[in-house]
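What follows is a set of notes on a single structure, which appears directly below.
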Amino acid sequence: MADLPAREALATEICGIPLDGPVLNGSGTFDVLAARQVFGDVLIDEFPFDCYVSKTITMNPRPGNPPYRLWETPSGMINSIGLPGPGLDGFVNRDLRLLASLEVPLIVSVMADCIEDFVVLVERVAAEDAVDGIELNVSCPNVHSGLIVGEQPAETEALLKALRPLTAKPLIVKLTPNVANPHEVAMGAEAGGADAVSMINTVKAAAIDPQTSRPWLGAGAGGLSGPAVRPIALAQVRAVSAAIEIPIIGMGGITDAESALEFILAGARVIAVGTENFRDPKAGTAVTEGLPAALARRGFGSLAEAQAVTLA
Amino acid sequence: MADLPAREALATEICGIPLDGPVLNGSGTFDVLAARQVFGDVLIDEFPFDCYVSKTITMNPRPGNPPYRLWETPSGMINSIGLPGPGLDGFVNRDLRLLASLEVPLIVSVMADCIEDFVVLVERVAAEDAVDGIELNVSCPNVHSGLIVGEQPAETEALLKALRPLTAKPLIVKLTPNVANPHEVAMGAEAGGADAVSMINTVKAAAIDPQTSRPWLGAGAGGLSGPAVRPIALAQVRAVSAAIEIPIIGMGGITDAESALEFILAGARVIAVGTENFRDPKAGTAVTEGLPAALARRGFGSLAEAQAVTLA
Amino acid sequence: MAAEAPFGRRLCEVTASRADGGYRVFSLIDREGPQPEPGQFYMLASAGSWAGESGRPYLPRAISHARYDREPAGGYRLDFLIDEVGPGTMKLAAMMPGQTCWVAGPFGGQFSYPRELNPQAAGAILVGGGIGIAPMAVLRRELVERGIPSRTLLGFRDRAHSGGVGEFFGCEETRLAFEDGSSGHKGYVTDLLLQLLEGDDSATAAVYSCGPPAMLEAVRRICLDRAIPVELALESPMACGYGACFGCAVPKAGGGYLRLCIDGPVVRGDEIATALAGESDDG
Amino acid sequence: MAAEAPFGRRLCEVTASRADGGYRVFSLIDREGPQPEPGQFYMLASAGSWAGESGRPYLPRAISHARYDREPAGGYRLDFLIDEVGPGTMKLAAMMPGQTCWVAGPFGGQFSYPRELNPQAAGAILVGGGIGIAPMAVLRRELVERGIPSRTLLGFRDRAHSGGVGEFFGCEETRLAFEDGSSGHKGYVTDLLLQLLEGDDSATAAVYSCGPPAMLEAVRRICLDRAIPVELALESPMACGYGACFGCAVPKAGGGYLRLCIDGPVVRGDEIATALAGESDDG
Ligand SMILES: Cc1cc2nc3c(=O)[nH]c(=O)nc-3n(C[C@H](O)[C@H](O)[C@H](O)COP(=O)(O)OP(=O)(O)OC[C@H]3O[C@@H](n4cnc5c(N)ncnc54)[C@H](O)[C@@H]3O)c2cc1C
Ligand SMILES: Cc1cc2nc3c(=O)[nH]c(=O)nc-3n(C[C@H](O)[C@H](O)[C@H](O)COP(=O)(O)OP(=O)(O)OC[C@H]3O[C@@H](n4cnc5c(N)ncnc54)[C@H](O)[C@@H]3O)c2cc1C
Ligand SMILES: Cc1cc2nc3c(=O)[nH]c(=O)nc-3n(C[C@H](O)[C@H](O)[C@H](O)COP(=O)(O)O)c2cc1C
Ligand SMILES: Cc1cc2nc3c(=O)[nH]c(=O)nc-3n(C[C@H](O)[C@H](O)[C@H](O)COP(=O)(O)O)c2cc1C
Ligand code: FES
Ligand code: FES
């Protein structure tokens with residue numbers, strides 16, 4: 001076992017954004033504004049991520065889906081949240097003011113159901129100094145539009161071609177896992193000028209009410225996340241990383257440093273913690289703190305050494 | 001809570017094959033020949049399934065994939081078995097003799113990498129009196145050919161059109177979950193003349209060796225099964241059942257009567273137990289024994305009442 | 001305002017666990033958290049044994065405290081009342097002294113004082129049902145300590161499901177209803193509420209309630225019909241408890257949803273569209 | 001031939017559990033199963049506590065018995081020796097008397113007698129390493145009972161990892177090797193085997209071995225090079241233990257694979273391509 005890499009040996013970057021470490025949050029799995037209200041300023045001082053990804057924002061305010069929105073599954077959960085949010089104006093005028101005070105880089109996730117709205121969202125968000133990158137959610141299984149673009153390599157490429165000229169800031173495409181060949185969509189994103197892909201979003205899933213025998217989720221169906229999907233995510237990260245040059249933000253069931261490192265070895269540049277945040281508000285910190293030992297256990301002296309691994 | 005339905009209230013049929021109950025095994029998850037050797041004749045007397053589905057057989061003998069073939073995951077497992085088997089001749093001349101002595105109906109699963117071989121397999125297998133139905137494995141993630149046919153509605157339809165004239169016995173298509181829209185493939189199967197679909201096969205997945213940081217599985221990647229995939233399977237069964245008229249054999253992480261019943265409510269006619277057989281060799285019996293109480297808990301007087309439910 | 005919860009989750013030692021009238025009462029020592037307020041809750045997961053053979057429980061479970069007491073050595077002893085309805089509550093109920101439990105919180109807002117809810121309030125009427133008596137017990141103790149008058153009505157299916165009453169309420173000033181008539185009033189606790197409100201001047205009432213959704217909705221309707229200010233402590237499936245997942249949606253009166261974990265779990269009766277959350281029609 | 005295993009799995013009570021030299025020894029009472037044979041194994045999963053916070057263990061674990069004894073009240077007491085290497089063995093090691101354990105088996109074939117393996121055999125040489133001493137202990141007891149001479153060589157990393165020796169072998173006629181020289185021979189147990197074979201007439205030897213893959217492969221090579229019949233009890237990841245999953249593949253000498261759970265776990269040295277299963281090159 002090699003010496004424990006120092007905290008500095010975790011430093012890295014994504015799309016040119018320098019990061020103290022490789023741990024992001026999955027979009028929609030950590031609400032900084034709420035958490036700050038609940039935990040206070042310590043949240044900012046001990047911020048658990050090296051880069052913060054906002055919940056997906058949309059043009060207009062959305063209430064989100066009717067309850068129930070959650071269903072627990074073996075080693076995972078289904079959600080059908082439905083992107084509740086204040087809409088673009090609300091986000092820029094209110095939420096963003098507070099997010100700007102974070103000491104880590106900020107990626108804003110956006111979704112729309114037509115290219116025109118995507119254009120508005122990207123232009124407006126990219127114009128904000130506080131924003132370091134934009135994630136395009138073309139994969140949320142809860143909102144019809146996303147599915148279509150994110151399932152089609154050509155649609156994805158066309159979307160990127162339309163958005164690419166609007167900003168020099170990194171554009172990241174969030175891939176859906178619900179396709180036969182995610183690497184083809186990733187290649188479309190790359191061809192269209194994306195700077196990175198993030199993956200996986202949740203996997204289409206359903207549950208039945210134990211009492212009524214009707215669908216449990218208010219929206220009928222939802223998306224599976226958590227450790228249950230980790231093996232699926234790892235396979236997709238590996239397949240995508242073999243097909244594209246741009247970096248991958250890997251996620252799907254990461255619970256600790258060991259599972260985070262598996263994503264790096266499978267081909268992700270950096271990783272994101274999603275559902276595990278619900279079980280442990282400081283899950284991101286736990287991953288970071290465990291990484292030096294996890295790297296050392298496999299004989300790596302730094303994160304960069306693990307990032308350099310290419311699987312057969 | 002209604003009165004407990006009697007054992008007879010579980011009687012059903014699939015593609016015209018009468019069954020004492022709705023519990024099958026997933027292909028490749030229960031080797032009757034090995035189990036009889038291990039457990040003796042009690043296996044036949046207390047046979048855990050209402051219908052037996054053979055492991056997938058191929059034209060020529062196959063050794064299967066190199067080790068390791070198994071990886072345990074949160075609430076599931078990945079396998080990359082690679083369809084080891086004696087080939088068509090070995091199966092018909094040896095295994096089938098023994099399978100014919102089972103008192104339950106027999107479905108034989110077959111796979112090939114071209115239509116010509118599928119034709120030979122189906123003709124030969126269908127000619128055997130002991131065989132009540134044939135399952136077409138077009139979905140195994142471990143063998144290249146299967147993926148292609150089972151991912152394409154048109155290819156699936158063409159395959160069925162070629163095979164349909166060969167036999168009056170039921171043809172069942174085993175669907176892959178690794179597509180964006182499994183119902184389209186199911187519609188292709190139905191259009192080609194399939195009598196039923198069975199779903200889901202395993203979900204593409206990968207794992208990394210904790211020591212070597214290389215892929216753990218000898219074959220590089222494999223398929224996920226077990227309770228982890230149950231929410232995915234339920235969503236797909238529901239989507240497919242809304243799109244086709246032919247019945248569904250539902251499976252994917254069924255562990256007990258309650259989860260079996262969820263598949264029936266989601267739209268399956270009958271169900272199959274796969275990975276749970278590994279944890280409990282009598283898992284099929286446990287499901288059957290639990291069904292009357294599970295039905296009663298939801299107010300059903302018989303399996304047929306549950307089968308009649310259609311979700312919104 | 002409730003104090004901030006420590007950031008993250010922490011391991012706390014279980015110090016007692018016993019069966020009580022169909023429920024389970026267990027205690028743990030929280031050395032880090034602040035004093036919890038009436039209505040707040042914790043996210044709990046037994047350490048080491050969480051996750052059962054079924055792969056569940058996976059997420060922590062929201063549990064209201066039923067009592068807190070300052071520990072001589074610092075921190076608080078927290079008592080919880082558990083109804084074993086599924087894998088999570090079963091694991092919590094199975095914890096034995098010496099085992100440890102993951103604790104996050106206290107989360108959520110607290111009940112208002114009667115005068116905050118209704119400037120004319122003469123005192124409080126507390127209506128608890130089943131396991132929902134836990135937050136009522138905490139609220140009542142708080143009111144007693146502040147010398148605010150309160151009357152308590154508790155309802156149960158039957159005597160076999162009435163744990164925690166003796167322990168957390170004592171006998172005085174508590175009226176009980178049992179659906180099966182095995183003791184006290186035969187019928188619903190809302191019958192008692194209606195009786196009480198009949199004799200009362202509605203204008204001086206302030207009602208607080210926690211219990212099963214159908215009971216809460218009945219209490220809510222009774223109060224709204226009479227323009228009596230009412231606060232309800234609701235339940236909803238929760239993944240995180242601190243506003244991260246947006247899973248705990250409860251339909252608001254004017255449309256849209258509130259996040260029960262941070263906007264509740266205590267809500268005013270007129271703030272929500274229904275207390276029957278999952279059964280709401282659309283969004 | 002080994003008797004048939006009861007169909008299905010059964011709950012058995014754990015009656016003892018104690019630490020022993022870096023390992024754990026626990027016992028359970030199997031009322032239904034037949035007498036197990038040397039080399040056979042069971043599929044075990046602690047009841048109620050299987051599945052950890054990580055969602056694993058999920059599948060049962062293959063564990064060889066280290067001893068069996070007829071119970072006065074019927075059935076057998078089975079002793080197991082556990083090396084806590086992961087979530088499954090940790091859960092098994094954590095079981096306390098009174099808890100129950102899911103048991104299926106006994107599965108797999110058994111060791112041959114020396115004369116079956118080698119008609120000229122003068123007796124048996126048993127070579128065990130680490131946790132692999134368990135099947136060797138059972139085999140040795142069987143040989144002793146039948147009056148068949150045997151010599152036992154056991155190898156360990158260090159004294160801290162040598163549990164079960166005193167308990168399952170006693171002191172007599174057992175030679176120990178410790179890689180760190182903390183006692184006995186300093187080095188590998190295969191050094192002892194080589195010494196022993198040098199003095200011996202190879203033509204009368206019959207070797208049996210169980211231990212880590214690298215040790216087994218070394219023993220196999222030593223024996224094959226000298227044309228000494230050898231039986232190895234191998235390990236491989238197993239999901240079912242009864243031939244259902246085809247997961248436990250071990251490469252055969254002539255190509256193809258055997259299913260270790262039903263074609264093994266005892267294999268002849270010349271039957272397999274390598275004892276380093278997962279590291280085999282292709283298929
Ligand atoms: C603020 C708050 C305070 C609470 N305080 C207490 C308390 O003090 N004491 C107490 O005992 N309980 C309390 N609860 C309720 C408790 O958190 C829930 O009942 C919890 O779901 C129980 O978990 P379980 O695993 O035991 O049961 P579950 O399996 O979660 O079953 C409970 C109900 O959840 C639904 N359900 C069933 N399966 C699933 C599934 N797979 N995913 C999601 N939902 C499912 C069903 O409607 C079922 O009846 C409180 C809840 C909240 C929100
Ligand atoms: C016939 C037979 C008899 C045995 N007898 C004994 C015995 O008497 N005593 C004893 O202690 N052990 C015995 N074993 C070994 C034991 O069954 C395995 O070591 C088992 O894997 C331990 O489970 P675990 O969860 O503790 O460790 P695991 O997590 O399974 O780790 C053990 C090894 O498995 C691999 N591994 C790691 N993660 C995974 C994963 N997710 N999926 C699959 N593999 C993984 C790694 O190589 C790791 O080093 C026997 C095995 C066999 C086949
Ligand atoms: C409750 C919840 C809400 C989510 N919201 C969003 C979202 O708004 N936008 C998005 O791109 N992904 C969203 N996701 C997906 C996650 O970012 C992540 O891709 C997925 O959950 C897999 O990671 P995990 O298994 O670690 O959670 C959400 C996931 C969950 C569980
Ligand atoms: C070890 C193993 C081997 C399998 N072999 C086959 C096979 O030969 N043919 C096939 O169609 N499906 C095969 N399957 C898939 C199962 O039949 C089933 O579709 C899948 O495992 C999902 O069900 P489960 O979660 O209950 O296991 C196999 C699954 C496993 C776990
Ligand atoms: S429980 Fe997660 S936001 Fe309320
Ligand atoms: S362990 Fe399943 S076939 Fe051997």
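These numbers come from the heavy atoms of this one structure, side chains and all, not from hydrogens, waters or symmetry mates. Chain naming here is simple, since letters A, B, ... match the order of the sequence lines and numbering starts at 1 in each.
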Task: Engaged part of Ala249(D) at the chain B interface, taking heavy atoms whose separation is under 4.5 Å - done: both
Open item on the list: Let me confirm one number: the CE-CG distance from Met43(D) to Asp280(B), rounded to the nearest 0.5 Å.
Closed with: 12.0 Å
Task: Contact check, side chains of Arg279(B) and Trp102(D), non-hydrogen atoms, under 4.5 Å - done: no
TODO: Specify which of Pro87(D), Pro57(D), Gly88(D), Ser236(D) makes the most heavy-atom pairs with chain B at under 4.5 Å.
DONE: Pro57(D)
Open item on the list: Just verifying a value: how many Å separate Cys245(D) SG and Asn277(B) CG, rounded to the nearest 0.5 Å?
Closed with: 10.5 Å
- [ ] Hey, could you give me each pair passing ring pair (Phe, Tyr, Trp, His ring centres under 6.0 Å) that has a residue in residues 236-256 of chain D? Not counting sequence neighbours.
- [x] Phe30(B)-Tyr242(D), Phe39(B)-Tyr242(D)
Open item on the list: Can you confirm whether Cys248(D) sits close enough to Tyr68(B) that some side-chain heavy atom of one is under 4.5 Å from a side-chain heavy atom of the other?
Closed with: no
Task: Straight-line distance of Arg259(D) CZ to Asp31(B) CG, nearest 0.5 Å - done: 4.5 Å
Kindly list each side-chain donor-acceptor pair under 3.5 angstrom involving residues 283-292 of chain B, sequence neighbours excluded, with atom names and distances?
{"residue": "Thr288(B)", "atom": "OG1", "partner": "Gly284(B)", "partner atom": "O", "Å": "3.2"}

Open item on the list: For Pro237(D), which atoms come within 4.5 Å of any heavy atom of chain B: side chain, backbone, both, or neither?
Closed with: both
Task: chain D neighbours within residues 45-56 of chain B, where any heavy atom lies under 4.5 Å away - done: Glu46(B), Pro48(B), Lys55(B)
Task: Segment of Pro61(B) engaging chain D (4.5 angstrom heavy-atom cut-off) - done: neither
- [ ] Name the member of Gly243(D), Cys261(D), Gly247(D) that forms the most heavy-atom pairs with chain B at distances under 4.5 Å.
- [x] Gly247(D)
Task: Between Gly55(D), Pro6(D), Gly255(D), Ala45(D), the one whose heavy-atom pairs under 4.5 Å with chain B are most numerous - done: Gly55(D)
- [ ] Go through the atoms of Arg61(D) and report whether side chain, backbone, both or neither lie under 4.5 Å from a heavy atom of chain B.
- [x] side chain
Open item on the list: What residues of residues 71-78 of chain B make heavy-atom contacts with chain D at a cutoff under 4.5 angstrom?
Closed with: Glu72(B), Thr73(B), Pro74(B), Ser75(B), Gly76(B), Met77(B)
Open item on the list: Would Arg36(B) pass as a cation-pi partner of Phe7(D), given that its NZ or CZ must be under 6.0 Å from the six-membered ring centre and within 45 degrees of the axis?
Closed with: no
TODO: Report the option among Gly274(B), Ala35(B), Ala228(B), Pro281(B) that has the most heavy-atom pairs separated by less than 4.5 Å from atoms of chain D.
DONE: Pro281(B)
Open item on the list: Could you tell me if the side chain of Pro67(B) sits less than 4.5 Å from the side chain of Tyr257(D), heavy atoms only?
Closed with: yes
